[in-house]
Amino acid sequence: MKKLILTLVFSLVAVTVSAQSKEVPKLLKYVTRAPNGTISMTIVDDSRANTMKLTSASSFYKYQIIDPKTNQPVLTAWNRGKVCEIAKTKIAAGTYDIRLFTRNFVITSKIKVSATRKLINAMNQDAIAVID
């Protein structure tokens with residue numbers, strides 16, 4: 001009897017562990033090329049993170065995320081160097097234009113901002129609460 005109960009408990013634990021859904025990360029990468037074909041800007045958006053990584057071939061001093069409907073900046077930030085992180089918590093999920101200001105030119109590209117990990121976790125918690 002003890003062996004039967006123990007076997008059932010282990011079976012239930014094994015089924016529960018294997019049945020849990022695992023978040024499949026989405027990795028979006030945006031590459032903007034200069035007219036000569038060289039890469040001028042790369043943005044990597046990992047759906048598991050609250051930030052996006054922005055890398056440029058040239059040092060830039062500022063970037064702006066622009067709402068394409070109003071053509072107004074949603075987020076402006078200053079920078080030194082060729083790399084920075086963009087906090088997705090400051091922007092709603094959606095499609096935007098991004099402008100990167102270097103000393104000699106402005107690079108423009110379209111990006112799609114995914115929901116932040118914090119928001120995804122909150123939605124998952126709400127879904128769990130409804131199921132319980």
Side-chain angles (χ1 to χ4, degrees):
M1 185 69 172
K2 288 182 183 180
K3 286 184 181 183
L4 178 64
I5 292 173
L6 209 57
T7 304
L8 286 173
V9 168
F10 282 124
S11 298
L12 285 174
V13 169
V15 168
T16 303
V17 169
S18 65
Q20 291 180 359
S21 67
K22 295 182 180 166
E23 180 185 342
V24 177
K26 291 182 182 177
L27 191 64
L28 298 174
K29 185 174 183 179
Y30 302 92
V31 177
T32 304
R33 295 186 182 276
N36 66 0
T38 61
I39 295 175
S40 54
M41 175 174 57
T42 304
I43 300 170
V44 178
D45 181 7
D46 184 348
S47 65
R48 298 171 296 178
N50 288 330
T51 59
M52 295 184 296
K53 184 177 180 180
L54 170 62
T55 308
S56 174
S58 303
S59 292
F60 60 97
Y61 64 90
K62 177 173 81 169
Y63 69 86
Q64 288 182 326
I65 297 184
I66 310 292
D67 184 341
K69 295 174 188 165
T70 62
N71 207 28
Q72 297 296 314
V74 176
L75 176 67
T76 299
W78 299 94
N79 188 65
R80 286 187 184 176
K82 297 180 179 183
V83 179
C84 76
E85 289 190 346
I86 301 171
K88 293 190 296 186
T89 55
K90 297 180 180 182
I91 319 166
T95 303
Y96 297 94
D97 293 327
I98 185 166
R99 291 184 190 147
L100 193 71
F101 295 84
T102 70
R103 186 179 200 189
N104 299 320
F105 50 88
V106 177
I107 304 168
T108 304
S109 183
K110 287 205 175 292
I111 60 170
K112 185 173 182 180
V113 178
S114 66
T116 65
R117 182 175 178 85
K118 188 182 214 180
L119 178 62
I120 291 169
N121 287 341
M123 289 188 312
N124 286 343
Q125 290 300 322
D126 288 344
I128 291 169
V130 170
I131 292 171
D132 290 342

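The residues of the chain are indexed from 1 along the displayed sequence. Atom set for the values below is all heavy atoms of this structure, side chains included, hydrogens, waters and symmetry mates excluded.
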Salt bridge present between Asp45 and Lys112 (N-O < 4.0 angstrom):
no
Could you tell me whether Asp67 and Lys69 have a side-chain N and a carboxylate O separated by less than 4.0 Å?
no
Heavy-atom closest pair (Cys84 atom, Asn79 atom, distance to 0.1 Å) is CB-OD1, 3.3 Å
What is the distance from atom CD1 of Ile111 to atom CD1 of Ile65, rounded to the nearest 0.5 Å?
4.5 Å
Classify the ring geometry of Tyr61 against Phe101: parallel below 30°, tilted from 30° to 60°, perpendicular beyond 60°.
tilted
If I take atom CZ from residue Phe105 and atom CG from residue Leu100, how far apart are they, to the nearest 0.5 angstrom?
8.0 Å
Looking at every non-hydrogen atom in both residues, tell me the closest pair between Asp97 and Pro68 and how far apart they are.
OD2-CB, 3.9 Å
What distance do Ile66 atom CD1 and Arg99 atom CZ have between them, rounded to the nearest 0.5 Å?
4.0 Å
Which distance, rounded to the nearest 0.5 Å, do you find between the CE of Met52 and the NZ of Lys29?
15.0 Å
Tightest non-hydrogen contact, residues Ser56 and Ser40, listed as OG-O, 3.2 Å
Heavy-atom side-chain contact between Phe60 and Leu54 under 4.5 Å:
yes
Around atom NZ of Lys62, are there more than 12 heavy atoms from other residues, nucleotides or ligands closer than 6.0 Å?
yes
State the CG-NZ distance between Asp46 and Lys88, to the nearest 0.5 angstrom.
7.0 Å
What one should report as the nearest heavy-atom pair of Ser109 and Met41 is CB-CE, 3.5 Å
Distance, nearest 0.5 Å, that separates OG1 of Thr76 from NZ of Lys90
11.0 Å
side-chain contact (heavy atoms from CB on, under 4.5 Å) partner of Tyr63, the single match among Ile107, Ile86, Val106
Ile86
